[in-house]
Engineer: 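Quick one: this structure, given as structure tokens, is what I'll be asking you about.
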Amino acid sequence: MQDAMMFDPRPAEDAPPAETSASATAGPDAKAKREFNKLQKRLRRQVGNAIIDFGMIRDGDKVMVCLSGGKDSYTMLEILRSLQRNAPVDFSLVAVNLDQKQPGFPEHVLPEYLDGIGVDYHILERDTYSVVKEKTPEGKTTCALCSRLRRGSLYGYAEEIGATKIALGHHREDILETLFLNMFYGGSLKSMPPKLLSDDGKNIVIRPLAYCREADIAEFARQMAFPIIPCNLCGSQPNLQRQVVKEMLAEWEAKHPGRLESMFKAVTNVAPSQLADRELFDFAGLEDKQARLQADRIELHNE
């Protein structure tokens with residue numbers, strides 16, 4: 001499989017130093033460094049596994065990394081850069097930030113950061129903020145419209161710059177939250193797939209952080225001291241359904257450690273015959289299947 005990303009999950013540059021003496025590895029600084037190395041390797045391994053499992057990146061891909069200024073997208077960019085250095089296939093990264101013209105948005109932060117680390121980038125300016133504020137009734141959340149406008153802008157720009165993949169920074173908890181939001185409020189059993197073909201067939205979206213825990217991402221972002229830009233448009237809205245679900249999942253995990261891990265495994269282990277979607281499973285044809293199986297058994301018995 002020449003196209004698959006066969007990543008070594010352990011970056012060579014992160015290998016721990018040789019232990020020359022007890023004092024060389026003692027003390028809080030050394031311990032903190034070891035813990036950070038473990039965290040970085042875990043994230044790198046999880047992103048590498050997600051890329052391999054879902055065939056996210058192939059040789060020659062130009063990956064548009066959507067950078068919002070939040071902890072998730074910063075972490076995604078950094079881990080992809082780290083993997084890119086050791087990948088057996090050639091792919092390029094370009095960071096793209098959608099400047100939605102929110103009042104007070106610090107426009108200098110992302111260009112300064114990206115210039116500092118030497119990453120190719122574009123700032124896409126679209127005044128979606130005004131549209132969202134104008135079209136959203138008082139007291140209603142802005143998420144649905146904002147998401148559609150943002151997605152449309154990014155999809156169109158990916159075509160414009162020749163990007164073959166669009167990378168979004170959704171993590172494990174985002175996927176689980178979306179699952180429950182659709183169940184509770186949408187009456188459907190669906191979430192965010194790690195890899196998605198857009199409805200018009202023009203773009204492939206990937207989510208390299210699909211296997212990563214939000215807590216690990218938050219700690220990595222803290223230690224890397226990324227210049228976080230808060231979202232004042234949606235993140236501070238009261239009665240946000242996603243926030244309610246997030247708190248519910250956090251409470252479950254606190255009371256029953258490992259529950260989120262088990263729930264995410266369920267998303268990757270679906271049994272259509274044990275659900276009730278007639279589009280996915282032929283329930284009406286079970287009698288015919290039963291008859292065929294019985295006939296096969298009788299035929300084998302007679303032989």
Side-chain angles (χ1 to χ4, degrees), residues 1-15 39-98 110-111 113-124 150-151 153-172 174-175 192-198 200-212 216-217 220-221 224 226 268:
M1 294 178 59
Q2 294 181 349
D3 287 335
M5 296 292 293
M6 302 302 293
F7 289 125
D8 175 3
R10 172 178 168 145
E13 65 270 19
D14 291 333
L39 172 62
Q40 186 179 43
K41 291 171 191 175
R42 181 162 63 250
L43 289 171
R44 179 187 168 105
R45 181 178 65 251
Q46 290 168 340
V47 172
N49 286 343
I51 291 173
I52 292 170
D53 289 349
F54 295 96
M56 292 185 183
I57 299 177
R58 296 187 174 187
D59 191 54
D61 270 340
K62 181 177 183 178
V63 181
M64 187 176 98
V65 182
C66 298
L67 196 65
S68 67
K71 67 183 190 312
D72 306 326
S73 58
Y74 275 124
T75 297
M76 175 175 62
L77 176 61
E78 182 61 27
I79 298 299
L80 286 177
R81 290 177 66 231
S82 175
L83 291 173
Q84 184 188 36
R85 289 192 286 269
N86 297 318
V89 297
D90 180 47
F91 68 97
S92 61
L93 299 172
V94 55
V96 172
N97 169 252
L98 176 59
L110 284 171
Y113 173 77
L114 294 168
D115 283 334
I117 62 174
V119 169
D120 185 24
Y121 70 91
H122 302 278
I123 305 297
L124 177 61
R150 188 170 62 246
R151 185 167 57 246
S153 297
L154 291 171
Y155 281 11
Y157 196 64
E159 288 186 75
E160 188 177 323
I161 64 174
T164 56
K165 301 290 170 59
I166 301 173
L168 303 179
H170 298 120
H171 48 67
R172 184 190 69 174
D174 285 325
I175 292 172
M192 296 173 170
K195 186 179 181 182
L196 171 73
L197 179 64
S198 62
D200 62 8
K202 294 181 179 180
N203 299 103
I204 292 181
V205 175
I206 60 174
R207 296 181 169 96
L209 300 180
Y211 290 167
C212 300
D216 284 347
I217 294 170
F220 183 76
M224 290 293 292
F226 294 136
T268 69

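Note that the numbering runs from 1 along the sequence shown for the chain.
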Engineer: Report the C-alpha distance between Y155 and K202 in whole Å, list the side-chain angles of each, state the deciding distance to 0.1 Å, and finish with yes or no for side-chain contact (heavy atoms from CB on, under 4.5 Å).
Structural biologist: CA-CA 8 Å; Y155 281 11; K202 294 181 179 180; over 6 Å; no
Engineer: Are any non-hydrogen side-chain atoms of L93 and D120 less than 4.5 angstrom apart?
Structural biologist: no
Engineer: Minimum heavy-atom separation for C212 and I217, please, with both atom names.
Structural biologist: CB-CD1, 4.0 Å
Engineer: Would you give the length of the straight line joining atom CE of M224 to atom CD of E78, rounded to the nearest 0.5 angstrom?
Structural biologist: 4.0 Å
Engineer: Answer yes or no: is there a side-chain heavy-atom contact under 4.5 Å between Q46 and N49?
Structural biologist: no
Engineer: Looking at SG of C66 and OH of Y157, how far apart are the two atoms once the value is rounded to the nearest 0.5 Å?
Structural biologist: 11.5 Å
Engineer: Step by step, work out the side-chain contact (heavy atoms from CB on, under 4.5 Å) result for L77 and I117.
Structural biologist: CA-CA 11 Å; L77 176 61; I117 62 174; 4.3 Å; yes
Engineer: Check side chain to side chain donor-acceptor pair (under 3.5 Å) between N203 and all other residues, then give those that pass, not counting sequence neighbours.
Structural biologist: none
Engineer: Has K165 got a side-chain atom pairing as donor or acceptor with M56's backbone, closer than 3.5 angstrom?
Structural biologist: yes
Engineer: What is the distance from atom CD of E159 to atom CD1 of I166, rounded to the nearest 0.5 Å?
Structural biologist: 8.5 Å
Engineer: Of all heavy-atom pairs between L168 and P208, which one has the smallest distance, and what is that distance?
Structural biologist: O-CD, 3.7 Å
Engineer: Just by distance, with hydrogens left out, do Y121 and D115 show a side-chain donor and acceptor under 3.5 Å apart?
Structural biologist: yes
Engineer: What are the two closest heavy atoms between L110 and L67, and how far apart are they?
Structural biologist: CD2-CD2, 3.6 Å
Engineer: So, does D59 use its side chain to make a donor-acceptor pair with the main chain of D90 at under 3.5 Å?
Structural biologist: yes
Engineer: Let me see the working for H122 and V94 under side-chain contact (heavy atoms from CB on, under 4.5 Å), right down to the final yes or no.
Structural biologist: CA-CA 8 Å; H122 302 278; V94 55; 3.5 Å; yes
Engineer: Search all heavy atoms of G69 against all heavy atoms of Y74 and return the closest pair with its distance.
Structural biologist: O-CE1, 3.2 Å
Engineer: Using ring-ring contact (aromatic ring centres under 6.0 Å, His included), reason through H171 and Y211 one step at a time and then give a plain yes or no.
Structural biologist: CA-CA 7 Å; H171 48 67; Y211 290 167; over 10 Å; no
Engineer: Okay, side chain of S73, backbone of S68: is any donor-acceptor separation there less than 3.5 Å?
Structural biologist: yes
Engineer: Just do the side-chain contact (heavy atoms from CB on, under 4.5 Å) check on L80 and V65 with the steps written out, would you?
Structural biologist: CA-CA 9 Å; L80 286 177; V65 182; 4.0 Å; yes
Engineer: Tell me the closest heavy-atom pair linking K71 and A221, and the distance in Å.
Structural biologist: CB-CB, 3.7 Å
Engineer: If I take atom CZ from residue R58 and atom CD1 from residue I51, how far apart are they, to the nearest 0.5 angstrom?
Structural biologist: 13.5 Å
Engineer: Going from CE on M76 to NE2 on H170, what distance comes out if it is rounded to the nearest 0.5 angstrom?
Structural biologist: 9.0 Å
Engineer: Determine the minimum heavy-atom distance between M64 and L154, stating which atoms define it.
Structural biologist: CE-O, 3.5 Å
Engineer: Can you check whether M192's main-chain N or O pairs, donor with acceptor, with R207's side chain at less than 3.5 Å?
Structural biologist: no
Engineer: Applying side chain to side chain donor-acceptor pair (under 3.5 Å), can you list everything that pairs with Y113, at least two apart in sequence or on another chain?
Structural biologist: none
Engineer: Could you tell me the separation between the CG atom of N97 and the CG atom of L114, rounded to the nearest 0.5 Å?
Structural biologist: 8.5 Å
Engineer: Look only at the side chain of R44 and the backbone of I79, and say whether a donor-acceptor pair between them is shorter than 3.5 Å.
Structural biologist: no
